[in-house]
Amino acid sequence: MKSVQVAAILGILASLLVVQTTFTVGELYSQEMAGTMHEHPTGVACDDVPPGQERPEFGCFNIATEKGLQFPQPSVYWHIRTFTNRDAAEEAKSATGIVVEEDGRVWLSEFGARDLLVKGGQPIAIVGPLQLPAAKSYTAVLSYAVMRPGDRSRVHTHPGPEGWYMIVGEQCLETPAGANRAKAGGTMTVLANVPMELSITGTVLRKSLVLVIHDSSQPRGTPSRWKPSGVCSQ
């Protein structure tokens, strides 16, 4: 009888050990997944940050807006230049130009034909063409984005074209047409009203300037129910 009792007790102890081990592994897995979700957020959107308010370390931030724009042509190009100081950039800019200071540099954005004459500064990129939808007037919203590998935007659309200049890092844009990728020094565009999801790829922090030129009567962007296939992760 004693040997039977000992065997039964040992069986109970073994069962408790298995349960405890299983619980510990599950708990560790949950903690790992929670850390992953924290490190790689989804649903990032470009937010307005009021002057003087401290903004988060990572995200996409609307840094300048130019309203009431009129364009005689159905498409425009985004001309980007850098200047040694803000006064020089302000002196060079047109009535619709945008001057911002980000990433340790002074940037001038101008919009127009591909052969638009922009004086002064260092030419950085010409992004486009940006195909414009019919509208009575347009609003240009310039944003600055700092995102980490694995971060993703919300699935969304814009009522106007969007363009990117990649300062550093890599990104992949998925639309119903497939995946489009860009690296540091490169540019990218997407048409109006196209559902999209932006993923940050590679192994380093990605920084970029982002431009949306949209119908002034509509909001800059709206969520979309389109479901990405995840091709940017492949």
* Asked: Are V204 and V146 connected in a single hydrophobic cluster, I mean Ile/Leu/Val/Met/Phe/Trp/Tyr linked by side-chain heavy atoms less than 4.5 Å apart?
  -> no

* To do: Quickly, which of V212, V76, V190 forms a side-chain contact (heavy atoms from CB on, under 4.5 Å) with L130? Name it, please.
  =>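 Among V212, V76, V190, the one meeting side-chain contact (heavy atoms from CB on, under 4.5 Å) with L130 is V76.
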
* Asked: Under the side-chain contact (heavy atoms from CB on, under 4.5 Å) test, which residues partner S233, sequence neighbours left out?
  ->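 For S233 there are no side-chain contact (heavy atoms from CB on, under 4.5 Å) partners, ignoring immediate neighbours.
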
* To do: Sequence neighbours left out, what passes side-chain contact (heavy atoms from CB on, under 4.5 Å) with P228? Give chain and number order.
  =>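 Per chain and number, P228 pairs via side-chain contact (heavy atoms from CB on, under 4.5 Å) with V155, E174, E197, W226.
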
Of the non-hydrogen atoms in [X] and [Y], which two are nearest, and what is the gap between them?
{"X": "K93", "Y": "L108", "value": "CB-CD1, 3.3 Å"}
{"X": "G128", "Y": "Y77", "value": "C-CE2, 3.6 Å"}
{"X": "V99", "Y": "R86", "value": "O-NH2, 3.2 Å"}
{"X": "A134", "Y": "D215", "value": "O-OD2, 4.2 Å"}
{"X": "A145", "Y": "V210", "value": "CB-CG2, 4.4 Å"}
{"X": "R181", "Y": "V231", "value": "NH2-O, 3.5 Å"}

* Start with the C-alpha distance between E110 and S94, add both sets of side-chain angles, then the distance that settles side-chain hydrogen bond (donor to acceptor under 3.5 Å, both in side chains), and finish with yes or no. => CA-CA 7 Å; E110 294 283 357; S94 71; 2.6 Å; yes

Please answer whether the main-chain N or O of [Y] pairs with a side-chain N or O of [X] as donor and acceptor at a distance below 3.5 Å.
{"X": "S153", "Y": "L198", "answer": "yes"}
{"X": "S199", "Y": "C232", "answer": "no"}
{"X": "N85", "Y": "D87", "answer": "yes"}
{"X": "H158", "Y": "E162", "answer": "no"}

Spacing of [X] atom [atom1] and [Y] atom [atom2] [to the nearest 0.5 Å]:
{"X": "I63", "Y": "D48", "atom1": "CD1", "atom2": "CG", "result": "11.5 Å"}
{"X": "I98", "Y": "L142", "atom1": "CD1", "atom2": "CG", "result": "5.5 Å"}
{"X": "M196", "Y": "N180", "atom1": "CE", "atom2": "CG", "result": "11.0 Å"}
{"X": "Y165", "Y": "L209", "atom1": "OH", "atom2": "CG", "result": "8.0 Å"}
{"X": "R206", "Y": "I200", "atom1": "CZ", "atom2": "CD1", "result": "4.0 Å"}
{"X": "M166", "Y": "K207", "atom1": "CE", "atom2": "NZ", "result": "12.0 Å"}

* Listed by chain and number, what are the side chain to side chain donor-acceptor pair (under 3.5 Å) partners of E170, not counting sequence neighbours? ->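 Once residues adjacent in sequence are excluded, E170 has no partner under the side chain to side chain donor-acceptor pair (under 3.5 Å) criterion.
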
* **Residues which pass side chain to side chain donor-acceptor pair (under 3.5 Å) with T157, listed by chain and number, not counting sequence neighbours** => T222

* To do: Could I get the full list of salt bridge (Lys or Arg N to Asp or Glu O under 4.0 Å) partners for E102, not counting sequence neighbours?
  => R55

Close side-chain approach of [X] and [Y], heavy atoms under 4.5 Å:
{"X": "E101", "Y": "W107", "answer": "no"}
{"X": "L191", "Y": "P161", "answer": "no"}
{"X": "S143", "Y": "F61", "answer": "no"}
{"X": "R220", "Y": "P159", "answer": "no"}
{"X": "I167", "Y": "Y144", "answer": "yes"}
{"X": "L117", "Y": "D115", "answer": "no"}
{"X": "V127", "Y": "L211", "answer": "no"}

* **Residues which pass ring pair (Phe, Tyr, Trp, His ring centres under 6.0 Å) with Y138, listed by chain and number, not counting sequence neighbours** => F71

* Residue pair W164 / T187, side-chain donor-acceptor N/O under 3.5 Å -> no

* **Flag if over 12 foreign heavy atoms under 6.0 Å of CD, E91** => no

* Asked: Heavy-atom count around Q70 CD within 6.0 Å, excluding the residue itself: above 12?
  -> yes

